[in-house]
Number of protein chains: 2
Amino acid sequence: MPPARRRTSISDVARRAGVSVGTVSNVLNRPDRVTPTTRERVEAAIGELQFVRNGSARQLRAGTITTAGAVVLDVANPFFTDVARGIEDRLDEAGYTLMLASSDEQPEREARYLRLFEEHGVQGVMVVPATDDVTHLVDLHDRGVRVVLLDRPSPVEVLSSVAVDDRAGAAAAAAHLLDLGHERIAFLNGPHTIRQCADRSAGLRAALADAGHDPDEAVVEITLATLNADGGQTGTQQVLALADRPTALLCVNDLAALGALRTLRAADVPVPSGMAVVGYDDVAFAAELATPLTSVRQPTHRLGHRAADLLLADDPAPSHVTFQPELVVRASTTGLT
Amino acid sequence: MPPARRRTSISDVARRAGVSVGTVSNVLNRPDRVTPTTRERVEAAIGELQFVRNGSARQLRAGTITTAGAVVLDVANPFFTDVARGIEDRLDEAGYTLMLASSDEQPEREARYLRLFEEHGVQGVMVVPATDDVTHLVDLHDRGVRVVLLDRPSPVEVLSSVAVDDRAGAAAAAAHLLDLGHERIAFLNGPHTIRQCADRSAGLRAALADAGHDPDEAVVEITLATLNADGGQTGTQQVLALADRPTALLCVNDLAALGALRTLRAADVPVPSGMAVVGYDDVAFAAELATPLTSVRQPTHRLGHRAADLLLADDPAPSHVTFQPELVVRASTTGLT
DNA sequence: TTGAAAGCGCTAACAG
DNA sequence: CTGTTAGCGCTTTCAA
């Protein structure tokens with residue numbers, strides 16, 4: 001940690017150019033209001049001194065900035081980076097900048113970044129909440145920060161949200177597996193404090209119940225410690241150790257499915273004859289795996305784009321957008337190439 | 001874009017609690033210097049008013065903050081997110097926060113984010129330069145911002161850098177392909193303005209020359225528009241259209257290799273008998289693909305961790321760290337499972 | 001067109 | 001232990 005440096009300020013520039021600070025500020029913000037001659041002098045001074053505006057001071061006066069923040073569960077998950085990309089693209093059009101952070105599903109980390117963003121006066125935040133409790137987000141909203149819930153429907157009217165129907169996604173996967181004759185399904189899921197996970201669980205059970213099965217019998221749900229390949233690996237090991245082993249495996253995301261496939265291969269369990277596998281998100285590599293992965297596709301880019309839309313909207317009234325997912329069937333369930 | 005909101009300030013809190021602003025500041029920063037009774041009163045006021053510190057003002061006084069910025073080429077590339085993860089982990093230990101941005105290999109975008117970071121007084125920046133010219137980074141350094149070059153060796157002594165030996169990586173891939181009898185290699189590379197790409201090209205050619213081949217004959221280099229799966233797909237189509245088709249394909253990263261494999265499969269070109277494929281980065285999914293991918297592994301997490309180390313170092317003297325890559329051989333070159 | 005000066009919200013030095 | 005106050009760098013009236 002180096003010692004605090006003394007940055008050159010607007011008054012250094014003013015002195016150098018032989019003008020007042022007000023004039024420097026003018027060439028910076030309203031160049032037309034200043035004589036070309038003096039402007040050139042000031043610009044020369046800026047160049048020589050390598051002057052860079054102090055954003056904090058600027059913002060302190062202005063109150064807020066053209067920056068938005070996003071907090072997702074895991075930047076290492078392609079699903080979230082694709083969503084972030086959608087956000088960035090939309091923000092870019094409006095001249096806004098995105099600050100991206102990852103909560104790692106930890107509410108404290110989420111809170112920390114949210115606070116950082118708020119303290120620095122962002123226009124708004126888009127967040128995939130790490131927990132079911134959104135009161136802190138409502139508070140944030142009440143303090144004048146635009147809040148858009150990402151990837152999950154808002155439990156409260158006042159917060160905007162852009163989501164994908166998670167019950168439908170899980171139900172589609174369930175229907176497909178039932179079609180193929182599977183009657184016991186293991187679900188490698190995240191904790192139900194994450195709404196998407198709770199919804200997918202509900203969707204899965206509802207679909208099974210509709211088909212005349214007892215969900216408590218038909219579904220073995222395992223809660224993953226981490227929603228990535230390592231989590232999927234550990235979860236799959238647990239499934240394999242089960243006495244009455246299910247014949248199909250639904251994974252909370254494709255990263256977990258990757259871990260599952262790896263584990264099944266190591267255990268010499270053929271896919272799908274020994275165990276059918278369904279992922280979630282349909283990330284880029286899903287189609288290219290050793291066993292191409294059946295997965296629930298979500299409109300990632302549009303999700304992010306739309307969220308940024310709501311963030312930037314002139315009308316502060318909250319909106320709630322829900323997209324529909326789509327099951328993409330591949331060899332990990334059908335065995336067909 | 002909502003209108004500027006009036007945030008509640010420290011003086012609002014002071015008024016409410018019936019104390020001075022100095023006292024409020026004290027309970028915020030040095031709680032021990034204030035009587036428990038008044039502290040409670042102030043804390044109550046903070047709670048009632050939902051007060052949130054104004055970071056800009058705070059920082060304006062302090063001069064700089066415990067935040068670092070990182071600009072990578074593409075956040076959607078797992079290689080970079082893994083590096084970012086290494087950075088974050090190290091920064092976290094020191095109580096620092098990371099602001100992550102993606103330049104998309106565009107120098108203007110890189111400059112924009114760098115400026116944003118600098119204006120907001122970050123302690124330092126870690127950047128994977130989008131161009132070969134680093135004078136703007138030297139200037140940044142001269143202005144007192146810590147600069148660490150990520151994933152490429154510094155061309156100037158004064159800038160710290162953390163890199164992986166790109167010539168060695170490409171050379172290892174070349175040696176492996178030569179061993180297998182390949183004498184013509186297509187290289188799906190990025191523009192040479194990106195140093196890593198230039199170095200890998202040089203390493204590849206040098207290795208071939210050392211083995212007695214004429215690099216101009218043995219290597220067909222194709223420059224990708226985008227360093228991802230789409231780029232790899234387009235590049236591979238070009239390779240397949242070549243009159244004297246090479247027998248091996250080296251890709252600038254695993255994303256491009258993913259696109260290559262997809263394209264080869266669509267064209268019914270068997271891997272590796274019709275075309276051997278080597279990736280770069282050895283990302284998580286490389287081992288799980290339909291044809292497990294031979295790839296050059298880089299120590300991503302350590303790379304980021306080390307970069308953050310340099311950023312945080314007490315000693316401002318520049319260091320230059322180079323890691324060695326490691327070729328991981330899989331079926332996409334050997335055909336063995 | 002340019003300059004002088006107030007003030008954004010906060011922290012820290014100094015008085016009381 | 002608490003209050004007063006200067007000042008961080010900038011933008012923006014208001015005067016000249």
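Throughout, protein chains are lettered first and strands after them, A, B, ... in sequence-line order, and every chain is numbered starting at 1. Just so it is clear, the structure is predicted and the values come from calculations on it, not from any experiment.
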- Specify the residue among B:G18 and A:T23 whose closest nucleotide of DNA chain D lies further upstream toward the 5′ end. B:G18

- Nearest-nucleotide wise, let me know which of B:A57 and B:P36 is further upstream toward the 5' end of DNA chain D. B:P36

- Any side-chain heavy atom of A:I194 within less than 4.5 Å of one from A:L227?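 Yes. Closest side-chain heavy atoms under 4.5 Å.
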
[X] has a side chain; which of [options] sits nearest to it?
X: B:R58; options: C:dG3, D:dG9, C:dC10; result: C:dC10
X: B:T35; options: D:dC1, D:dG7, D:dT11; result: D:dC1
X: A:V19; options: C:dG3, C:dT2, D:dT4; result: C:dG3

- Quick one: bend of the helix from C:dT1-D:dA16 to C:dG16-D:dC1 from 5 pairs per end, to 10°? 40°

With no hydrogens and no angle check, do the side chains of [X] and [Y] hold a donor and an acceptor under 3.5 Å apart?
X: B:S161; Y: B:H320; value: yes
X: A:D89; Y: A:H301; value: yes
X: B:S11; Y: B:S9; value: yes
X: B:D142; Y: A:Q50; value: no
X: B:D139; Y: B:T135; value: no
X: A:Q59; Y: B:S56; value: yes

Whole-Å distance separating the [atom1] atom of [X] from the [atom2] atom of [N]:
X: B:R61; N: D:dA6; atom1: CZ; atom2: C1'; answer: 8 Å
X: B:I10; N: D:dT2; atom1: CD1; atom2: C1'; answer: 14 Å
X: B:H120; N: D:dG9; atom1: NE2; atom2: C1'; answer: 13 Å
X: B:D12; N: C:dC10; atom1: CG; atom2: C1'; answer: 13 Å
X: B:N29; N: C:dG9; atom1: CG; atom2: P; answer: 17 Å
X: A:D32; N: C:dT2; atom1: CG; atom2: P; answer: 12 Å
X: B:L60; N: D:dA6; atom1: CG; atom2: P; answer: 17 Å
X: A:N26; N: D:dT12; atom1: CG; atom2: P; answer: 9 Å

- Of A:V34 and A:V21, whose closest DNA chain C nucleotide lies nearer the 5' terminus?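 Its nearest nucleotide lies further toward 5', so the answer is A:V34.
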
- Side-chain N,O (B:R30) to OP1/OP2 (C:dA12) below 4.0 Å: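 Indeed, a polar side-chain atom of B:R30 lies that close.
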
- Message: Tell me the closest heavy-atom pair linking B:V145 and B:V125, and the distance in Å.
- Response: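 The answer is CG1-N, 4.2 Å.
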
- Message: Please evaluate residues B:Q196 and B:D151 with respect to the criterion side-chain hydrogen bond (donor to acceptor under 3.5 Å, both in side chains), reporting the C-alpha separation (whole Å), side-chain torsions for both, the decisive distance (0.1 Å), and the verdict.
- Response: CA-CA 8 Å; B:Q196 295 88 312; B:D151 192 37; 3.0 Å; yes

Determine all donor-acceptor pairs shorter than 3.5 Å in which one atom belongs to a side chain in residues 305-313 of chain A; sequence neighbours excluded.
{"residue": "A:D309", "atom": "OD1", "partner": "A:R90", "partner atom": "NE", "Å": "2.4"}
{"residue": "A:D309", "atom": "OD1", "partner": "A:R90", "partner atom": "NH2", "Å": "3.4"}

- Query: Among residues 37-55 of chain B, which residues get a heavy atom nearer than 4.0 Å to DNA chain C?
  - Reply: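 Output list: B:F51, B:R53, B:N54.
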
